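Here is the structure we will look at.
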Amino acid sequence: MKRRVTAAIGIAGMIVSIAACGSESKDDGKAQGADAKELTVWLTVDAQNNWPDLVKAADAAVQKKHPGVTIKHEYYGWPDKNTKLDAVLATDKAPDVVEMGNTEMLGYMVKGAFAPVDPARFSSSSAWLDGLKASVTYDGKTYGVPYYAGGRVANWRKDVAGSVGVKAPPKTYAELTSDLDKIQQKEGGKFNAWYQPTRDWYAAMSFVYDAGGSIAVESGGEWKANLSSPESVEGLKEFKKVVDTYMHGDKTKDESDRYIVYGQGKSAMIFAAAWEGATAADPKNDKTGKLKDNLENFVMPGPSGKNMPVFLGGSDLAVPVKSKAQDLAAEWINAFTGPAGQKGLMAKGNLPNNKTDLATLKNDPATVVPATAAESNWFVPMAPGWGQVEKAQILQTMLQNIGTGKKSVEDAAKDADAAIDKVINTK
């Protein structure tokens, strides 16, 4: 899934009064849209371009149950969607269903922009993937439905691995580092046996969670940063070891152009979103002419001895609190994300929103790696001020200080914790 995943943190001031408006009509059947005759659905162009048949099927299911209902669709690009949404949420023209990136949900839930929903109304809700379930949950309530996901996997060059006698992907972290050591020694100090951008906090936090640490913990309704805990420091130290040993590029870079660097043939391996390997092998990015038949995905092993926990990026569907058709919106979402919809999304190369369907992908050699990798997953702290943490790039700054040696792991983690604690509980 190639898309920028960013937190929605700047919601227009106009929507401050939205929560109150929604609460007034909570028990009013008509206000909830029990007899609504029109539904407006906002999706991104991903659905329009890649699975329009699934949209039509959901429409048909709802219209069969509710003859005469009109369903309107609007499609937006990711950079444009939230600007339009922020402007319309405080008006009487709010859409009834809106697609959100899962890291965009929190800012809107905190501001009361979305109506709470009953998970029991949606297929497979009891089996939603943990990271996806977290993305639609705030303050004990559910404000959306996971739609689909994309995970992270390891990807390496079979030809480079084969040149040092390695014929199969590693199953353990010890095997991985042993293989990379051989590659690094053969290729020399200017080569990246593992191209791991220092500021890539998604990868770094996977090491933290693998070691039993976390970004922050909640107690009594308050969040407190946890990066300086012994477990988190252990994970950060292992991440630094990877960067020091195998990453010989610019130690101030993030992951935004990783697939381009990989395509230049300057590295043997990446740990990245599942689409990045294939994108690097695209002829317009592959400067080696060798990647198409030489790249291989595998499940990233963690130092703990278990599979590395991965961040799940994806989309959720939410019902704006000012929707006049909330019940009908919930029915449409269930039709779209139900068993038939999930089957269709998986056929398009996406991960499903639930563990039951995910397990079926493990039976197919073409999908077993991303499906297995996604079983162990994590998500950002669902704290009211998390958007401010991301906006300030606290994690990226910490990791750059660690990677460049400007600060020790312990000092960088303590400083990051102090910066996080200043904002994480602020709405």
Side-chain angles (χ1 to χ4, degrees), residues 1-7 78-79 103 150-157 160 176-177 180 183-184 187-210 215 227 235-282 284-288 291 295 297 300 308 310-311 313 380 389-409 411-413 415-416 419-420:
M1 175 176 46
K2 185 178 179 182
R3 97 151 87 102
R4 181 180 298 173
V5 182
T6 56
W78 285 101
T103 59
R152 280 162 169 74
V153 297
N155 180 288
W156 76 357
R157 290 180 56 175
V160 176
L176 172 64
T177 55
L180 293 175
I183 292 171
Q184 193 67 70
E187 298 294 337
K190 294 184 178 181
F191 187 80
N192 306 291
W194 176 349
Y195 182 74
Q196 180 51 65
T198 308
R199 291 171 65 87
D200 176 11
W201 65 276
Y202 295 108
M205 293 305 104
S206 286
F207 279 87
V208 166
Y209 282 92
D210 180 71
I215 300 172
L227 292 167
L236 289 171
K237 285 185 173 180
E238 189 59 41
F239 180 76
K240 175 175 170 56
K241 184 177 179 181
V242 167
V243 172
D244 288 347
T245 306
Y246 306 119
M247 168 65 176
H248 303 291
D250 185 347
K251 299 293 178 69
T252 67
K253 292 197 66 171
D254 64 18
E255 71 279 12
S256 59
D257 67 345
R258 173 169 45 208
Y259 69 94
I260 294 175
V261 176
Y262 198 31
Q264 293 171 343
K266 298 179 180 179
S267 55
M269 174 188 145
I270 57 175
F271 173 42
W275 58 263
E276 293 188 49
T279 304
D282 187 296
K284 67 175 177 288
N285 296 320
D286 180 9
K287 306 306 180 184
T288 71
L291 298 186
L295 294 187
N297 283 334
M300 180 68 186
M308 186 76 86
V310 299
F311 176 83
V380 300
V389 175
E390 286 207 30
K391 182 179 181 180
Q393 298 193 358
I394 295 172
L395 297 182
Q396 293 94 322
T397 300
M398 174 190 71
L399 294 171
Q400 183 171 321
N401 287 336
I402 290 172
T404 59
K406 183 177 181 179
K407 295 181 181 180
S408 69
V409 171
D411 287 346
D415 290 347
I420 290 172

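Residue numbers start at 1 and run along the sequence shown. None of the values given here were measured: they were computed from a predicted structure.
Between V153 and V310 the shortest side-chain heavy-atom distance does not fall below 4.5 Å. In this structure the side chain of L291 reaches within 4.5 angstrom of the side chain of R157, judged on heavy atoms. With a 4.5 Å cut-off on side-chain heavy atoms, Q184 and T245 do not count as touching. A heavy-atom distance below 4.5 Å is found between the side chains of N155 and Y262. Residues V242 and T177 form no side-chain contact, since every pair of their non-hydrogen atoms from C-beta on lies 4.5 Å or further apart. Residues K240 and F207 have side chains not in contact (no heavy-atom distance under 4.5 Å, counting atoms from C-beta outward). Between D254 and Q396, the closest side-chain pair of non-hydrogen atoms is not below 4.5 Å.
Taken from CD1 in I420 to CG in L227, the straight-line distance is 4.5 Å, to the nearest 0.5 Å. Note that OG1 of T397 is 5.5 Å distant from CZ of R199, once rounded to the nearest 0.5 Å. In this structure, the separation between CD on E187 and CG on L180 is 12.0 Å, given to the nearest 0.5 Å. The structure places OH of Y202 at 10.0 Å from CG of L395, a figure rounded to the nearest 0.5 Å. Put simply, NZ on K284 and OG1 on T279 are 7.5 Å apart, with the number rounded to the nearest 0.5 Å.
Checked by atom type and distance alone, the side chain of Y209 never pairs as donor or acceptor with a backbone atom of G235 at under 3.5 Å. Although no hydrogens or angles enter the test, the distance criterion places no donor-acceptor pair under 3.5 Å between the side chain of K406 and the main chain of G403. The closest donor-acceptor contact from the side chain of D200 to the backbone of E255 lies at 3.5 Å or more, if one exists at all. With K407 contributing its side chain and N401 its backbone, the two residues share no donor-acceptor pair below 3.5 Å.
The two residues A268 and I183 have their closest heavy-atom pair at CB-CG2, 3.9 Å. The two residues S267 and F191 come nearest to each other via the heavy atoms C-CZ, 3.3 Å. Shortest non-hydrogen contact noted between Q196 and A203 is NE2-CB, 3.5 Å. N192 and M247 get closest at one heavy-atom pair: OD1-C, 3.6 Å. Minimum heavy-atom separation, I394 to A416: CG2-O, 3.8 Å. Nearest heavy-atom pair across G313 and R152 is N-NH1, 4.5 Å.
Below 30°, between 30° and 60°, or above 60°: for W194 and Y246 the angle between ring planes is below 30°, a parallel geometry.
The environment of NZ in K237 is sparse: at most 12 heavy-atom neighbours from other residues, nucleotides or ligands sit within 6.0 Å.
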Take V380 and F311, measure what side-chain contact (heavy atoms from CB on, under 4.5 Å) needs, and give me the verdict at the end.
CA-CA 8 Å; V380 300; F311 176 83; 4.2 Å; yes
Assess whether side-chain contact (heavy atoms from CB on, under 4.5 Å) is satisfied between T198 and T252, documenting all intermediate values.
CA-CA 6 Å; T198 308; T252 67; over 6 Å; no
Would L176 and M269 satisfy side-chain contact (heavy atoms from CB on, under 4.5 Å), going step by step from the backbone distance to the final call?
CA-CA 10 Å; L176 172 64; M269 174 188 145; 3.7 Å; yes
What verdict does the side-chain contact (heavy atoms from CB on, under 4.5 Å) test give for Y195 and K266, after you've listed the backbone C-alpha separation in whole Å, the side-chain angles of each residue and the deciding distance to 0.1 Å?
CA-CA 8 Å; Y195 182 74; K266 298 179 180 179; over 6 Å; no
